[in-house]
Amino acid sequence: MPNWRVVCRFAVFVCVATLVVLYFVLTHTNPLPRIVSWLDEITATSLSKPAGPWAVRAGDQPDSATVVPGAIVVSAAGSVEARNPGSGKRLWTLDDSWATVAGGSNPVVVVGHPAGGGFDVVAAASGEHLWSDNDRDAVWAFSDVILILHCPHQSNCQLQADDPTSGKPQWRTKLDGAGSSMRGLGGPFATLQPIAADYAKSLGAVPSAVPTFIGLNLGGDVHVISTARKREVRVYPAGKDQRVVVAGNEVIVATSAPHAGTCTYTIQGRDAATNATRWTRTGFNPHTTSGLACDQRNDPKGAGGALLATDTSGRDVLLNVGTGALMYRAPAGAHIVATDGAVALARLADGKTLQAADAESGAPLWQRPVTKDALIGVGSGVVMIADPVNGRMVAVKPESGAVVLNVASGATVLGVGATYLVVNIGRTFGPLLLSSGQAAGP
């Protein structure tokens with residue numbers, strides 16, 4: 001005999017399901033986005049203890065986040081989306097091949113077309129389409145302009161600066177003899193590179209004003225462009241024994257030569273506008289060479305007007321890019337792991353102490369214990385320390401060492417804002433709030 005109670009329950013379920021389906025059909029409503037959103041919410045991973053204000057799951061695993069007025073823009077492989085900073089509610093999402101953020105008080109997102117080249121520009125907070133470029137170009141985004149490199153047939157290149165919001169051209173310059181196959185999101189300029197790559201992408205996601213001078217490496221030749229004068233001012237041809245980068249208003253030229261089984265080094269600072277030599281330093285190794293022939297293959301490292309090198313005694317130092325003066329010498333056995341040009345961070349010889357010093361005077365500021373595997377970075381007003389051994393994430397003020405975040409977390413920093421960090425574990429991401437830092441923590 002049938003179990004009538006089971007039969008009745010099944011009949012009720014069928015009736016309810018039929019009514020729900022009929023409702024969606026009659027109202028032309030697609031329930032799948034709501035279901036997917038609900039599944040994302042209930043499967044979100046805890047990012048920290050104590051928890052941040054919210055945590056959500058992205059459609060794809062995010063690789064960077066940019067905090068702008070009115071939105072958190074999160075990029076992943078194949079998509080980009082924006083979230084409300086207060087609630088985490090998704091504002092919009094688009095498929096892409098790449099994405100980057102530009103603009104200042106009216107931020108925009110440059111979204112590479114999924115196929116065929118070109119890009120769209122949308123408002124960061126609303127996703128409203130603003131303008132497009134359908135050419136296969138390379139793009140660099142700043143708070144005041146979007147630079148676009150047009151290279152028809154990989155030659156006769158032209159660099160154009162467009163207004164981020166309207167797309168209106170501001171200026172353009174021809175690049176003498178240039179040839180390039182760069183497409184999509186442009187690669188790094190010929191400039192000082194971060195000392196450590198731990199937080200380079202998350203810090204680099206924040207749009208800043210275009211530098212007065214930029215160095216564009218095209219086929220090994222470095223094209224120096226004055227964005228103030230809106231034209232190319234000089235080209236440094238590629239050479240095995242030289243590495244050329246632009247830092248501030250200076251061109252740094254690192255030269256090496258083999259001598260007695262080793263390499264000898266010379267570093268010069270030249271005026272970017274006139275090419276006049278301002279200073280010369282010998283005996284300081286900028287770590288630009290590799291190989292037995294002392295070939296120059298790496299851009300020098302540093303930030304904010306400070307150039308990393310090693311002196312003749314083997315100690316890490318920071319040199320002033322404008323004068324060549326010695327700014328900071330790390331203690332014996334220590335290694336400089338990060339700088340923003342104002343503060344130098346060194347891991348001391350014991351391997352478990354992080355010391356901060358004033359980069360200009362060398363005066364010690366503070367120190368705190370870290371493990372040998374801790375990831376360290378400085379920028380946007382905070383020093384970030386992620387400790388995988390102890391499972392903690394700490395952020396402190398660069399000048400004082402005052403703690404503004406100290407949580408149990410195995411997350412990765414995606415982006416840095418004025419009042420919080422954006423972090424992720426897998427596809428789950430969200431903000432961790434920073435305190436005022438008035439009182440130092442443990």
Side-chain angles (χ1 to χ4, degrees), residues 64 66 98 100-102 110 112 137-151 157-162 164 170-197 199-239 242-254 269-273 275 286-288 296-308 321-322 339-341 379:
S64 69
T66 307
W98 54 269
T100 188
V101 176
V110 188
D137 302 316
V139 177
W140 295 266
F142 296 92
S143 61
D144 47 353
V145 295
I146 295 175
L147 295 181
I148 306 171
L149 180 67
H150 299 276
C151 287
C157 292
Q158 177 177 270
L159 186 68
Q160 179 172 310
D162 287 357
Q170 303 297 296
W171 54 267
R172 58 175 61 93
T173 182
K174 292 183 179 180
L175 304 183
D176 184 37
S180 173
S181 58
M182 280 194 292
R183 297 290 183 266
L185 191 60
F189 287 122
T191 189
L192 298 178
Q193 300 304 307
I195 293 176
Y199 295 107
K201 192 167 188 178
S202 57
L203 291 171
V206 180
S208 58
V210 67
T212 304
F213 292 93
I214 58 174
L216 190 55
N217 190 324
L218 299 176
D221 296 342
V222 176
H223 297 252
V224 180
I225 298 144
S226 168
T227 62
R229 296 162 65 184
K230 303 176 178 55
R231 67 180 182 87
E232 178 179 278
V233 295
R234 188 161 293 98
V235 180
Y236 290 87
Q242 284 192 337
R243 197 72 179 186
V244 177
V245 298
V246 178
N249 295 326
E250 275 66 45
V251 174
I252 304 301
V253 181
R270 301 181 185 176
D271 186 297
N275 200 35
H287 304 287
T288 52
Q296 298 275 333
R297 298 182 180 180
N298 307 306
D299 286 340
K301 296 179 178 181
L307 167 68
L308 176 69
V321 299
T339 187
D340 60 357

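For clarity, every value in this text was computed on a predicted model and none was experimentally measured.
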Any donor-acceptor pair under 3.5 Å from N217 side chain to V222 backbone: no

For residues 139-147, which side-chain donor-acceptor pairs fall under 3.5 Å, sequence neighbours excluded?
| residue | atom | partner | partner atom | Å |
| --- | --- | --- | --- | --- |
| W140 | NE1 | G187 | O | 2.8 |
| S143 | OG | S208 | O | 3.4 |
| S143 | OG | A209 | N | 3.2 |
| D144 | OD1 | V210 | N | 3.0 |

Partner set under side-chain hydrogen bond (donor to acceptor under 3.5 Å, both in side chains) for N298, not counting sequence neighbours: none

Heavy-atom side-chain proximity of T339 to L308 below 4.5 angstrom: no

Gap between atom CG of L216 and atom SG of C157 - 0.5 Å precision: 8.0 Å

Heavy-atom closest contact (A200 atom, P194 atom, distance): CB-CG, 3.8 Å

Y236 and its side chain to side chain contact (heavy atoms under 4.5 Å, CB included) partner, picked from V251, D221, V246: V251

D137 side chain reached by L149 side chain, heavy atoms, under 4.5 Å: no

T173: side chain to side chain contact (heavy atoms under 4.5 Å, CB included) partners, not counting sequence neighbours: L159, W171, L175, I225, R231, E232

Heavy-atom pair of closest approach, residues P207 and V101: CB-O, 3.7 Å

Value rounded to 0.5 Å, distance of CZ in R234 from CG in D271: 8.5 Å

Pairs satisfying salt bridge (Lys or Arg N to Asp or Glu O under 4.0 Å), at least one member in residues 199-209, at least two apart: D63-K201

Minimum side-chain heavy-atom gap K301-H287 below 4.5 Å: no

Distance (rounded to the nearest 0.5 Å) between N249 CG and S226 OG: 9.0 Å

Test item: T227 side-chain N/O and T212 main-chain N/O as donor-acceptor pair under 3.5 Å: yes

Residues which pass salt bridge (Lys or Arg N to Asp or Glu O under 4.0 Å) with D299, listed by chain and number, not counting sequence neighbours: R243

Side chain to side chain, V224 and F213, heavy atoms closer than 4.5 Å: yes

Minimal non-hydrogen separation, A102 against V110, with atom names: CB-CG2, 4.5 Å

Minimum heavy-atom distance between P286 and A254, given as atom pair plus value: CG-CB, 4.0 Å

Counterpart residues, side-chain hydrogen bond (donor to acceptor under 3.5 Å, both in side chains), relative to D340 (two or more places apart): none

Interatomic distance, I148 atom CD1 to Q158 atom CD [nearest 0.5 angstrom]: 10.5 Å

Distance (rounded to the nearest 0.5 Å) between L307 CG and I195 CD1: 9.5 Å

Spacing of Q193 atom CD and T288 atom OG1 [to the nearest 0.5 Å]: 12.5 Å

